[in-house]
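What follows is a short report on a single structure.
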Amino acid sequence: MPYCAEPFRMKPMNHLDQLESQSVYIFREAFATIDRLAMLWSLGKDSNVMIWLARKAFFGHVPFPVMHIDTGRKFREMYEFRDRYAAEWNLNFLREECPSYESTDPTLPPAARSAARKTGGLKAALQKHGFKGIFAGIRRDEEGTRAKERYFSPRGENGAWQFRDQPPELWDQFNTDFPDGTHVRIHPLLHWSELDIWRYTQREGIPTVPLYFARDGKRYRSLGDQDITNPIVSDAVTIDAIITELENTRAPERAGRAMDHEAEDAFERLRADGYM
Amino acid sequence: MSADRETLRVVVIGHVDHGKSTLVGRLFHDTGMLPDGKLEAIRAMSEKRGMPFEWAFLMDALQAERDQGITIDTAHIWFRTPERNYVLVDAPGHKEFLKNMVTGAAASDAALLLIDAVEGLREQSRRHAFLLHLLGVREMAVVVNKMDAAGYSEERFRTIQRDYEAYLAEIGLKAQAFIPISARNGENLASSSAAMPWYHGPTVLQQLGRFQIRAPSENRPLRMPVQGVYKFDDRRIIAGRLESGRIAVGDTVLFSPSNKTTRVASIERWQANRSAEAGAGESIGVCLTEQIFVERGEILSHVADAPVETDVLRARLFWLGQRPMGVGSRYKIKLHAAEATATVQSIERIFDASSLEEVRGGAVEKNSVCEITLRLSRLVALDPYDRNAVTGRFVLVDDYDIAGGGVVSMEGYADQRRVTTVRATDITAVDHGVSLVARTQRNGHEGGVLWLTGLSGAGKSTLAVALEAALFTRGYQVYVLDGDNVRHGLCADLGFSPEDRAENIRRVGEVAALMAGAGMIVVTAFISPYRSDRDRARKAADTRFHEIYVKADLAVCETRDPKGLYKKARAGELANFTGISAPYEAPTAPELVVDTGTKSVDACIDDLVAYAVKAFKRQG
């Protein structure tokens, strides 16, 4: 393993070290207190960092299944990435299907209905495997309702998020007691920003799907289903260039994700129903 | 800009409608942090609801928040200045959402507390400051908002400043600045206001730059709560986060409360530096030179400067539970990585956090603050909050909900490490050649301990001596242990600190158990105010232990005051005096209660003799 040898006194912790330590703490708390755990792997930059952090927490191991809720509409590069690293990282990998577009809530706008397939797939997987805790790689800086999330976020019987009445969470003492028939979402990356993710990916040498890097003047800033995700204009072909680009942009991260923008409340409705 | 920039988390708090979300929205705009399209989106949302432009919509992402114009839950939002990065935490000001405010404030390094210049101090202005103090946030500034609506009046500003400074001083807080602003107009936010030339202090943005970040301290004693023990490969790794101090390979370390000592063989990390040391804040793993049994919830420390071990603690606590808390209520306590069942043993004080007035009544209602004593189902390791914040605070879980948070004080209670530690491990019990049955037949009765507990002046010594005489004349082998005959010899090295008193009782308990094993009836007469000490004495003598509560009110005992001790204690000449300046924990299930407050001495002795005759059966 590539270690950087530094036998004596070390440097004080920097910002990324602090973020990492907090995420590791959350992983270990969840592992100690919740019985049946699984991690969601969307194949994007955030969930790759999340897997990396789990391995930090458990000294190279990921001691729970890593699950891809597959809409079947991801990019080819994403599937290639998945198959390669599921093997290379020695993951206990699960692939779960999503229900059809027609089975989703017809009152939602079209892109949101596409996204809602993923919620359906997740609910089915929860039922099938009886998971009590699900790690999801969402961040507070992505979107307004995610900004209000807890690290340990309890879900109701049908996976619903009671965002009007969330439990308190303080001093790294998390909610780990739940009634039967419910589960908890655990968010180890909640306190990270988009820039933090890239800086950490660079520092640690974490692999990423090549779609994040510019080709023909465009790159993907956020990855979802092919038909509802749009690239941005960019010439960033390295992580350094992405970091410089992000330091200077005022465009929101999820601008290319159609489901966020169809209606003011579209994303809130998705999340209330159990979307990540 | 580099990854080494520090990030400060600032919570924005205050009474509902005093402009917290507006301040955050406007600050974002004025520092050029608003994402493209957001301004237009907010304008559209405002128009849709027939409102003037509403800055608060930046943070109030939920439909219900926008529709009702109220912040329901805490939101986190990132912004940066040339100097450093910030996470602004917008907390709700409505009383109903206090739990969300607490959630936001507990995660912050500093606080901006908003007060409406027109409305002045309101209920949550005070309560939030009090909670801030309890949550451990010390860096704070007060922002007096809506100065435009108050005619930019310096007099109005100074009045609020004076009143609020007085309140803050009462609870031990000091604001670094009072800043008059208009959040809506962006005055004294990112730039100074021409409308308030009389103000020469910092703008909000400048004040943010002055707040200090609290970092985990490497200079304090080592504390690593154990989060888990992993064996994923051939290593057995003790995993945890260093909450304070430093650790190095080769260090001798102590685990509490199991009291096991061993050495650090290696410090484990994955894909990181291989340093043989680690410091506060790091999440690491430790391999030990010996394979001792260690569990989640223990604290790893050095042998010197170890944490306290206890099954009882005092706490200052805020209550968020739907159901009121009363004496006898049971909860799950979560303290660092440790868990236990906690029972409310007593409630010393309940007060209203906004008026600081003491509340009458026996139960702690939602959103109030109290001082209580908790009894735990087992020993845990902890620190008083003023010695180590992370290992000195806890939450209580009622069913499935975090219902309260508290900080620990050990005032009046002893560290139980010394009295529970078995230091000699190479001792094998010797089989006695004489059987218990044979001893019982020789003495004509069984042996045992009659443990008298009660306040000073309750009559323990009087009763013990009379009982000894009465049983002796009836042919029993009986002996009294009291302060006089143990303090001069067996316990001559002990003083009256809580620790020494606990040790005194431990020795008496052990000696009494030995004498009972020898077939004697032992009567002890000690205040023995702590339940855990008496429980330990019971453990020593096992089924031969009989707890007898010599009951009399404090008022009654104080009038008797045979040794003049109460008088001295009231005058402050005696520290740690039971009933006055130290607690007395009455027995919950004594074998016998003798009430000397209502019964005569003779009647009490009759009860005692009758009990002893029944308990220690005649043989042969």
Side-chain angles (χ1 to χ4, degrees), chain A residues 1-10 12-18 20-21 24-25 28-29 31-32 52 55-61 63 140-141 143-145 147-148 150 154 163-164 166-171 173 175 177-179 191 193 196 199 203-204 247 250-252 255 264-265 268, chain B residues 1 3-7 34-38 45 59 61-64 72-78 85 99-100 102-103 106-107 135 227-228 230 232-233 235 237 239 241 268 270-277 279 281-283 285 296 320 332 334 337 390 393-395 397 399-402 405:
Chain A
M1 275 186 222
Y3 283 110
C4 61
E6 199 180 44
F8 297 110
R9 172 124 193 142
M10 344 165 331
M13 292 176 78
N14 66 25
H15 177 60
L16 291 179
D17 296 330
Q18 288 165 8
E20 176 192 82
S21 183
V24 165
Y25 188 83
R28 291 176 177 170
E29 285 302 290
F31 186 62
W52 196 262
R55 296 168 83 198
K56 289 264 181 186
F58 306 111
F59 305 98
H61 305 265
R140 281 186 180 127
D141 77 329
E143 184 276 327
T145 65
K148 293 177 185 283
R150 305 284 195 255
F163 55 83
R164 284 189 187 81
Q166 296 197 76
E169 180 172 84
L170 59 145
W171 297 330
Q173 292 294 352
N175 289 287
D177 299 276
F178 311 101
H191 55 296
S193 70
D196 296 331
R199 290 201 178 107
R203 181 180 97 171
E204 301 284 316
E247 280 174 353
R250 285 176 61 178
E264 188 191 317
D265 65 345
E268 177 178 336
Chain B
M1 204 164 91
D4 286 339
R5 285 162 59 94
E6 56 177 21
T7 299
L34 222 49
D36 282 348
K38 200 73 194 180
M45 292 174 209
M59 303 290 277
L62 304 174
Q63 294 296 300
I72 293 174
D73 212 330
T74 297
H76 295 237
I77 191 162
W78 276 245
N85 298 342
K99 63 184 167 70
N100 299 337
V102 164
T103 301
L135 289 165
Q227 284 187 279
Y230 304 145
F232 299 122
D233 42 46
R235 295 167 297 178
I237 302 177
R241 180 168 68 187
E268 301 291 333
W270 182 74
Q271 294 279 328
N273 68 71
R274 299 171 79 175
S275 170
E277 280 190 285
E282 283 189 75
S283 288
R296 171 176 162 85
L320 305 167
K332 173 153 111 181
K334 295 173 75 161
V390 179
R393 62 194 181 196
F394 62 88
V395 298
V397 181
D399 269 354
Y400 303 113
D401 303 319
I402 290 178

Over all atoms of both residues, closest heavy-atom pair of [X] and [Y]:
| X | Y | value |
| --- | --- | --- |
| Glu29(A) | Ala337(B) | OE2-CB, 4.4 Å |
| Tyr230(B) | Ala57(A) | CE1-O, 3.8 Å |
| Trp78(B) | Ser193(A) | NE1-CB, 3.6 Å |
| Ser21(A) | Glu282(B) | OG-C, 3.7 Å |
| Asp177(A) | Val397(B) | OD2-CG1, 3.9 Å |

Does any non-hydrogen side-chain atom of [Y] lie less than 4.5 Å from one of [X]?
| X | Y | result |
| --- | --- | --- |
| Gln227(B) | Phe31(A) | no |
| Asn100(B) | Arg150(A) | yes |
| Pro167(A) | Ile402(B) | no |

Bottom line for Ala107(B): the part with an atom under 4.5 Å from chain A's heavy atoms is neither

Whatever's closer than 4.5 Å to a heavy atom in chain A on Leu320(B) counts as side chain

Tell me, out of Asp399(B), Val395(B), Asp401(B), who's got the most heavy-atom pairs with chain A below 4.5 Å.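 Max contact count across the listed options: Val395(B).
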
Atom pair [atom1] ([X]) and [atom2] ([Y]), whose distance is rounded to the nearest 0.5 Å:
| X | Y | atom1 | atom2 | result |
| --- | --- | --- | --- | --- |
| Thr7(B) | Asp196(A) | OG1 | CG | 7.0 Å |
| His15(A) | Asn85(B) | NE2 | CG | 6.0 Å |
| Gln18(A) | Glu6(B) | CD | CD | 9.0 Å |

Is the backbone of Asn175(A) close enough, under 3.5 Å, to the side chain of Lys334(B) for a donor and an acceptor to pair up by distance? no

Side chain from CB out, backbone as N, CA, C, O: work out which of these in [X] comes under 4.5 Å of a heavy atom of chain B, or both, or neither.
| X | answer |
| --- | --- |
| Glu169(A) | both |
| Glu204(A) | side chain |
| Phe59(A) | both |

Mutual orientation of the aromatic rings belonging to His61(A) and Phe232(B) [parallel < 30°, tilted 30-60°, perpendicular > 60°]: tilted

